[in-house]
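Below is one structure, written out as structure tokens, with a few remarks after it.
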Amino acid sequence: MSSITTLKYTLQLADNVLIMGQRLAAWCGKGPILEQDIALTNISLDQIGQARSLYQYAALIINNMPAADKAHLFNAPLLQEKINNQHTITEDDLAYLRDAWDFRNCLLVEQENGDWAYTVARSFFFDRFQYLLFTALQKSTDSTLAAIAEKSLKEVQYHIKWASEWVIRLGDGTDISKEKMQQALQARWEYTGELFAMNAIEQAAMQANIGVDVSSLQQAYQQQIEAIVNEAGLQMPTAAWMQTGGKNGVHTEHLGYMLAEMQYLQRAYPNMEW
Amino acid sequence: MTQVSFEASFQKKIDEEIMIEPQDYMPDEYRKTLIRQISQHAHSEIVGMLPEANWITRAPSLRRKAVLLAKVQDEGGHGLYLYSAAETLGITRDQMLHQLHTGAAKYSSIFNYPTITWADMGAIGWLVDGAAIMNQVPLCRTSYGPYARAMVRVCKEESFHQRQGYEIMLSLAKGTPVQKQMAQDALNRWWAPALMMFGPLDAVSPNTAKSMEWRIKRFTNDELRQRFIDVTVEQIRILGLELPDANIKWNEERGHYDSSELNWDEFWNVVKGNGPCNKERLATRVKAWEDGAWVREAASAYAEKRKTKKAA
Amino acid sequence: MSNENKEWPLWEVFIRSKAGLDHKHAGSLHAADAQMAIENARDVYTRRMEGISIWVVESNHIHASNPEEAAAFFDPAQDKIYRHPTFYNLPDELKHM
């Protein structure tokens with residue numbers, strides 16, 4: 001089994017939670033009420049924490065690789081040069097020095113926050129997936145990934161509770177909130193198909209028994225989403241076409257702006273300690 | 001008891017350092033002063049989230065991002081504790097927010113200054129939180145129970161805030177020349193506004209005397225300001241940065257550092273709303289509140305429906 | 001429904017910090033309903049591992065003794081020191097009681 005597979009699989013997991021956490025962090029100070037501002041920040045902090053564990057593991061894999069194996073890992077020249085010059089790679093190198101085409105997060109998490117309903121819808125769809133994914137990933141033969149999955153799962157259980165309750169609350173709240181929630185579910189649903197479309201990294205990781213067969217999670221996902229949507233008195237969203245691309249490095253325009261913001265200091269003042 | 005004896009027993013309690021609790025008798029003026037001070041303090045916490053929240057998405061490392069996010073979140077929590085303390089005095093949080101949004105209530109002027117480089121995160125944590133802590137620690141013994149208890153919690157949680165700020169400054173000051181320059185620039189910009197956080201000079205401070213008598217305040221503005229200058233000068237030296245004020249000099253006779261007179265004209269203008277970010281900060285808070293109205297309303301409606309369903 | 005007067009109710013939060021201890025008043029918060037109040041309490045008051053169990057009660061359901069009656073309520077207990085074990089003189093030789 002190649003460590004490149006583990007590396008790429010780990011990075012994909014990490015990218016999802018980093019981008020999601022970064023999006024939610026932008027709510028800080030602007031929530032509809034203090035208590036919920038704090039709740040959302042907790043979720044963001046969980047996700048950034050998960051991202052850090054995963055990037056740290058990915059960095060370790062890179063640092064332990066023979067030079068020949070890692071000569072062409074990334075498109076981003078800043079990072080690849082660092083690797084080629086035998087620098088010790090850190091979590092921050094991986095988060096800050098890769099460009100959009102190196103990121104493998106799904107399109108769903110990079111979508112804009114929009115209003116509270118859009119934020120809830122995105123979290124609702126993503127957290128439910130994370131729950132199924134991490135549940136299965138606990139059985140990974142890679143003990144580090146299994147351990148991260150186990151720890152993260154406890155956090156995600158709270159996240160899905162938070163998101164599901166808000167879907168129900170808004171769906172069964174006022175006429176305005178019902179309409180907004182319905183609209184948001186509908187708008188974000190087209191990004192959920194990609195979650196279950198296996199890309200090459202996931203295929204390889206599954207065959208090596210380190211990764212999860214995400215296509216097998218879709219039925220349970222659909223059922224669980226539907227149960228909450230029904231409880232909220234809303235219609236299941238539909239999509240004529242599911243958007244894909246993020247998992248193969250082909251992103252929506254949003255990611256470029258996000259990275260420009262997130263990575264700006266590391267790019268403007270490279271190779272410094274902060 | 002007559003009104004006079006109520007007041008006498010109230011002042012006796014204060015003098016004996018017995019805490020006043022929500023249902024106890026208190027003079028109207030005491031209640032009003034507390035509401036003003038606590039709500040102003042709470043507003044400062046939540047408006048104070050904004051200049052730092054600016055940099056969460058741009059933090060230069062994942063560790064710094066997590067720490068900053070946790071810190072700004074704490075400030076939201078502190079605002080919440082303080083609003084709760086004020087609510088025991090017979091005002092609602094919505095009423096206080098209304099006062100903030102309409103400009104009737106003030107918040108600390110420091111948050112009307114812009115955060116323009118990453119070093120500002122260091123300077124705010126170190127100087128602004130440092131000054132706040134110096135103001136707040138005596139308030140843990142303030143005479144009103146709920147306020148004192150809120151402040152105990154706030155102070156406990158804030159102990160990491162100043163450290164994380166100083167740590168940022170330390171990394172920059174020991175870093176590359178451009179990082180050191182960034183740190184110096186931030187120190188220079190935040191120094192005077194931080195000193196102004198202690199409020200106007202005692203000689204012109206309208207509320208100090210009564211607040212001292214009621215033990216709402218425990219030290220005067222000038223006392224706390226001097227104490228802050230004395231400890232911070234040493235901290236600047238350890239960073240290896242230049243002093244932000246050429247007139248800072250040890251005064252052997254006073255046993256304190258002397259420093260330049262502050263620009264009180266600027267201070268009063270920022271208080272009046274003419275600071276660089278007054279309008280923007282307030283607009284951001286108002287927008288968040290208004291954008292959230294339908295969300296809060298939906299949750300209320302949902303809770304109401306469930307209650308009726310349960311009762312049926 | 002007007003949103004002006006529709007503030008979420010205030011709740012009092014009680015936290016058990018570890019197994020075997022009583023729930024203790026931690027503070028208050030606003031929430032639309034009890035479930036949300038518990039979750040808000042988790043997010044606001046247990047971020048630093050302060051708790052393992054949470055109680056919430058709507059603030060307007062709390063009934064308190066009247067401070068004006070405090071003397072009548074509590075002073076009479078002051079001279080009943082015989083309720084405390086230290087009131088009793090026992091010989092030093094007695095080791096276990």
Side-chain angles (χ1 to χ4, degrees), chain B residues 1 6 9-10 13 18-26 70-71 73-74 76-88 91-98 145-146 149-150 152-154 156-157 159-160 289-290 292-307 309-310, chain C residues 1-17 22-51 54-75 78:
Chain B
M1 272 203 279
F6 268 134
S9 85
F10 170 82
K13 266 195 201 166
I18 295 172
M19 293 246 181
I20 306 300
E21 293 296 340
Q23 291 176 322
D24 293 344
Y25 167 83
M26 60 188 89
K71 188 213 172 213
Q73 180 195 47
D74 270 352
H78 299 168
L80 193 155
Y81 308 152
L82 289 160
Y83 283 126
S84 301
E87 281 177 278
T88 63
I91 185 169
T92 67
R93 196 198 289 176
D94 274 10
Q95 285 169 333
M96 288 183 268
L97 289 176
H98 183 75
R149 289 191 287 276
V152 168
R153 191 176 272 275
V154 168
K156 216 191 272 172
E157 296 188 355
S159 53
F160 97 81
W289 185 248
E290 286 175 353
W294 69 271
V295 178
R296 296 189 300 274
E297 211 178 314
S300 293
Y302 171 78
E304 205 52 49
K305 280 187 199 172
R306 288 287 142 137
K307 230 188 253 170
K309 226 180 248 175
K310 235 187 202 167
Chain C
M1 194 183 313
S2 98
N3 64 40
E4 281 304 323
N5 298 318
K6 201 67 190 173
E7 188 169 9
W8 289 355
L10 192 66
W11 302 75
E12 300 303 321
V13 177
F14 300 84
I15 307 254
R16 185 200 297 287
S17 58
D22 290 325
H23 284 77
K24 190 168 165 257
H25 186 237
S28 27
L29 49 75
H30 288 272
D33 53 45
Q35 184 59 35
M36 196 204 269
I38 291 172
E39 288 160 25
N40 286 351
R42 179 261 192 194
D43 284 318
V44 172
Y45 288 105
T46 68
R47 302 201 303 282
R48 288 176 167 83
M49 304 178 290
E50 292 98 332
I54 296 170
W55 287 350
V56 295
V57 58
E58 226 180 299
S59 307
N60 62 17
H61 290 160
I62 301 240
H63 300 273
S65 61
N66 183 348
E68 280 173 40
E69 293 174 345
F73 263 56
F74 308 114
D75 290 358
Q78 279 171 12

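Reminder, nothing fancy here: chain letters follow the sequence lines and each chain counts from 1.
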Are side-chain heavy atoms of [X] and [Y] found at a separation under 4.5 Å?
X	Y	value
C:D33	B:R306	no
C:R48	B:F160	yes
B:R296	C:H30	no

Does atom NZ of B:K305 have more than 12 heavy-atom neighbours, drawn from other residues, nucleotides or ligands, at distances under 6.0 Å? yes
With sequence neighbours left out, what residues match C:W8 under ring-ring contact (aromatic ring centres under 6.0 Å, His included)? none
With sequence neighbours left out, write down each residue that passes ring-ring contact (aromatic ring centres under 6.0 Å, His included) with B:Y81, or none if nothing qualifies. B:H78, C:Y45
Salt bridge or not for C:K6 and B:E297, using N-O below 4.0 Å? no
Does the pair C:R47/B:D74 count as a salt bridge with the N-to-O cut at 4.0 Å? yes
Nearest heavy atoms of [X] and [Y], plus distance in Å:
X	Y	result
B:Q23	C:S65	OE1-O, 3.5 Å
B:A299	C:A32	O-CB, 3.6 Å
B:T92	C:E7	CB-OE1, 3.2 Å

Below 4.5 Å from any heavy atom of chain B, which atoms of C:E50 appear? Answer side chain, backbone, both or neither. side chain
Chain B heavy atoms under 4.5 Å from C:A34: which part of the residue, side chain, backbone, both or neither? neither
So for B:Q95, is it side chain, backbone, both, or neither that comes closer than 4.5 Å to the heavy atoms of chain C? neither
Is it the backbone or the side chain of B:Y25 that comes under 4.5 Å from a heavy atom of chain C, or both, or neither? neither
In this structure, CG of C:D43 is separated from CG of B:L80 (nearest 0.5 Å) by 11.0 Å
Could you grab the distance from atom CD of B:E87 to atom CG of C:L29, nearest 0.5 Å is fine? 10.0 Å
Just give me the residue among B:E304, B:E157, B:K307 that pairs up with chain C most often, heavy atom to heavy atom, under 4.5 Å. B:E157
